[in-house]
Visitor: 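I'd like to ask some things about the structure below.
Chain A is the first sequence line, chain B the second, and so forth, proteins listed ahead of strands; every chain is numbered from 1.
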4 protein chains.
Amino acid sequence: MPATQRPRSGNRRDEAARQAVLHAADDLLIEHGFGALTVEAIARRAGVAKQTIYRWWPSKVEILLDTLIEDSDKRLPVPVEKPTAKSIRAYLHGFAEFLIQDPAGKVFLALLAEAQHSPATAESLHKRYLGPRRDRECDMLAGAVAGGTMPPGQDLDVTLDALVGPLIYRALTGRETPRCLIDKCVDDLLDLRPQSEC
Amino acid sequence: MPATQRPRSGNRRDEAARQAVLHAADDLLIEHGFGALTVEAIARRAGVAKQTIYRWWPSKVEILLDTLIEDSDKRLPVPVEKPTAKSIRAYLHGFAEFLIQDPAGKVFLALLAEAQHSPATAESLHKRYLGPRRDRECDMLAGAVAGGTMPPGQDLDVTLDALVGPLIYRALTGRETPRCLIDKCVDDLLDLRPQSEC
Amino acid sequence: MPATQRPRSGNRRDEAARQAVLHAADDLLIEHGFGALTVEAIARRAGVAKQTIYRWWPSKVEILLDTLIEDSDKRLPVPVEKPTAKSIRAYLHGFAEFLIQDPAGKVFLALLAEAQHSPATAESLHKRYLGPRRDRECDMLAGAVAGGTMPPGQDLDVTLDALVGPLIYRALTGRETPRCLIDKCVDDLLDLRPQSEC
Amino acid sequence: MPATQRPRSGNRRDEAARQAVLHAADDLLIEHGFGALTVEAIARRAGVAKQTIYRWWPSKVEILLDTLIEDSDKRLPVPVEKPTAKSIRAYLHGFAEFLIQDPAGKVFLALLAEAQHSPATAESLHKRYLGPRRDRECDMLAGAVAGGTMPPGQDLDVTLDALVGPLIYRALTGRETPRCLIDKCVDDLLDLRPQSEC
DNA sequence: TTGTAAGCGAGACGGTACGTCCGGTCTTCAT
DNA sequence: ATGAAGACCGGACGTACCGTCTCGCTTACAA
């Protein structure tokens, strides 16, 4: 695992070292929790010098943000193209599962937690993750309104908090989200038109 | 400020020292954030020896929990006695405000955050705060059902997550909760009977 | 060797830890040279936390000075009481041997060297070691003058440099000092009266 | 100062870079002491890549040795041609001044010091500087003996240590050498014949 | 005339040690 | 017995240099 035979890179940034750091951070968070996520431990695990980490990341939080951004778009894309009642509901179910099951979900929760302790983390998390993602989620709902799936006249941002807040709070308190919670929220708050199936 | 003239205590637990520690922890959290909340700093500020802290509290988290429990019942009691549509709605509005405005709200958010990093914190937080409080909130809704204010047949625990989750998520992300969000949730999810005013 | 069963000390300075540090520093200097004499290595070898070292010594130089002062008075006392031609000559022979053979001699040379690199070391070395020792050496010569062994009228400090300088320079350049060098200097520079023997 | 407009060199060793390194090392030693004399600092100051230094010098000590050898023959040549009592005495006075005043004298002291910490430095210093210079100094005294200025029958190497040791020790301990010290040593140890003047 | 080989500035890399900070345990002594 | 004081071991922090390496450029010599 310590990437013994990684070729030296010379003058340019060593992509292999970057990957090793991201994976080491991810793995340590999952295996031993945020408390064990020290820069020294990441360096040790990645087989990388501490300075190599400090050269490229201002803090361990930014490392986690990098992994989160890379992973979360892969595992849980926001269905912005022609969203339907079905795809929106599926997105929320996927979101609930992502938070509980996916390593990247754990990373997100850890970052959201750390943001409470450090304003710098809060700002990074918003600028680099929450903001852009929320924009796409708004686009999703706006697409649903435009397509006639959803009635207009709601503040989409607030609506999203109402939908997503419960999922996140359940995850933060270590409890799975039952499907009925999501369905209840979707049914009561979104008032989607053709939701016959699902 | 470091409680200079507190009289020495002798052989019973020193209540003044206990208060000094609780206030010091509270103040440090508010003034400098969770990052500055070290046991050494608390001891310094409270004018107390480190050992006095470790003798009575297993960790700084338990100190915060003590302050949270003491404060939150005072500032935000759960209206379990004959809850009405009005009092339930007021409770949720009060909760949103508590999270943003009240020092104890900050303590709660900090503990909820810390619980993500440490399973021991998570367990304490549930056993000593979240569990009991949630029980009383369930009683509140159960009282509303019994009084005919709310229709029966819902899982009250899940319903509470749907109501409270958005408020907490807004607070965690540093945004105030608009009244319309709460009202929308209450209206759509609770289906309360006599909600004429407000 | 790492002093495993040293009893914990509590409120007062731990004398065992102090000794362990001094010995570790001494040993490391002798065994691996000044280059290997890092604070981390001393701490490791002494079985002591780094902070314990920084608490009591401002730098590794002061550690060495402590060992030097303790040792050099034991191994090479200055014969201030009724010095004779014989005892003065013996002192210089002893000094030459001290520099080459004695661990404390190595410590002295290392400190004299380090003083070239750091003004702070130079000052400490003078104030705590060279100055006091030179005072006693002057007393020695002054006693010889008073006792009629040595003619008066010389600057004793300068004379001592002429006697001691060659020994130190030989030691610094890694060459033993032949007895004839010392005898030549003593005979030519000191002009001692009853030097029949030796 | 960092030699901005030095032309690139191409295929052969860049003499300008060599000079820049030597001067940078010299200047840093004088201005900020041996502690600040890191390879990185030299490279920075000389406007040269670290690798250029490592390509041509095995260590910073060899850089200093290069400057020392170049400078010390210029500033303080050994009077090997027909040495007289006057020229020998002048050489020793010049040596004392060289050690205190001349930048190259500081370099010498620094190297002599560093030699205590590192055997490799000691060896280089002897082979490249101390040995050859001592040979010429022996030649000087041998010339004096041959010319009748000095009586024969002494070990010249040992005599030189007796003459030079005090000067070096004074310099190492940061004290100027009074003229009387040198004169006393020359008079008492060398027994030069025609020393009427000076 | 054009490879090609070396020197060069630049700087990333794996390491080691720095000096500081805090955590949690322990002992001493005064109350 | 309690509590203030504070020494202790352990270990992470972020920084500075170490000595090695690769890159892309420039230049001089050889083919």
Visitor: Are more than 12 heavy atoms, taken from residues, nucleotides or ligands other than D/H23, located less than 6.0 Å from that residue's NE2 atom?
Guide: no
Visitor: I need the OH-C1' distance between C/Y54 and F/dG6, as an integer number of Å.
Guide: 21 Å
Visitor: With a cut-off of less than 4.0 Å, is there a side-chain N or O of A/T52 near OP1 or OP2 of E/dA12?
Guide: no
Visitor: I want to check one thing: is the phosphate of F/dC8, taken as OP1 and OP2, less than 4.0 Å away from some side-chain N or O of C/W56?
Guide: yes
Visitor: Should C/R55 be listed as having a side-chain N or O under 4.0 Å from OP1 or OP2 of F/dC8?
Guide: yes
Visitor: Output, in order, the C-alpha distance, side-chain angles, deciding distance and verdict of salt bridge (Lys or Arg N to Asp or Glu O under 4.0 Å) for C/E31 and C/R45.
Guide: CA-CA 12 Å; C/E31 288 173 26; C/R45 173 113 178 197; 2.9 Å; yes
Visitor: What nucleotide among F/dC13, E/dG14, E/dC13 has an atom nearest to a side-chain atom of A/A49?
Guide: E/dG14
Visitor: Report the relative orientation of the aromatic rings in C/H117 and D/F34; use parallel for angles under 30°, tilted for 30 to 60°, perpendicular for over 60°.
Guide: parallel
Visitor: Surrounding CD of A/E123 (heavy atoms of other residues, nucleotides or ligands, distance under 6.0 Å), is the total greater than 12?
Guide: no
Visitor: Check whether the side chain of D/Q51 and the base of F/dC21 form a donor-acceptor pair under 3.5 Å.
Guide: yes
Visitor: Return yes if the base of E/dG11 and the side-chain atoms of D/K50 contain a donor-acceptor N/O pair under 3.5 Å, otherwise no.
Guide: no
Visitor: Starting at CZ of A/R12 and ending at C1' of E/dA12, how long is that distance when rounded to a whole Å?
Guide: 10 Å
Visitor: If you only use heavy atoms from C-beta on, which nucleotide in E/dG23, F/dC18, E/dC8 is closest to the side chain of B/V39?
Guide: E/dG23
Visitor: In whole angstroms, how far is the P atom of E/dC21 from the CG atom of B/L37?
Guide: 18 Å
Visitor: Which sits closer to the 5' end of DNA chain F, C/R18 or D/K60, going by the nucleotide each is nearest to?
Guide: C/R18
Visitor: At less than 3.5 Å, do the side-chain atoms of D/E40 and the base atoms of F/dC18 form a donor-acceptor pair?
Guide: no
Visitor: From CD1 of A/I53 over to P of E/dG14, roughly how many Å is that when rounded to an integer?
Guide: 9 Å
Visitor: Given atom CZ of A/R13 and atom C1' of E/dA10, what is their separation to the nearest angstrom?
Guide: 18 Å
Visitor: Please report the distance, rounded to the nearest Å, between CZ in C/R44 and P in F/dG10.
Guide: 13 Å
Visitor: Under the criterion salt bridge (Lys or Arg N to Asp or Glu O under 4.0 Å), I'd like the reasoning laid out for B/D66 against B/R128: C-alpha separation, chi angles, the key distance, then a yes or no.
Guide: CA-CA 9 Å; B/D66 278 9; B/R128 301 191 52 206; 2.7 Å; yes
Visitor: What is the distance, to the nearest angstrom, from the CD atom on D/Q19 to the C1' atom on E/dC8?
Guide: 17 Å
Visitor: Could you state the CH2-C1' distance from A/W57 to E/dC13, rounded to the nearest angstrom?
Guide: 13 Å
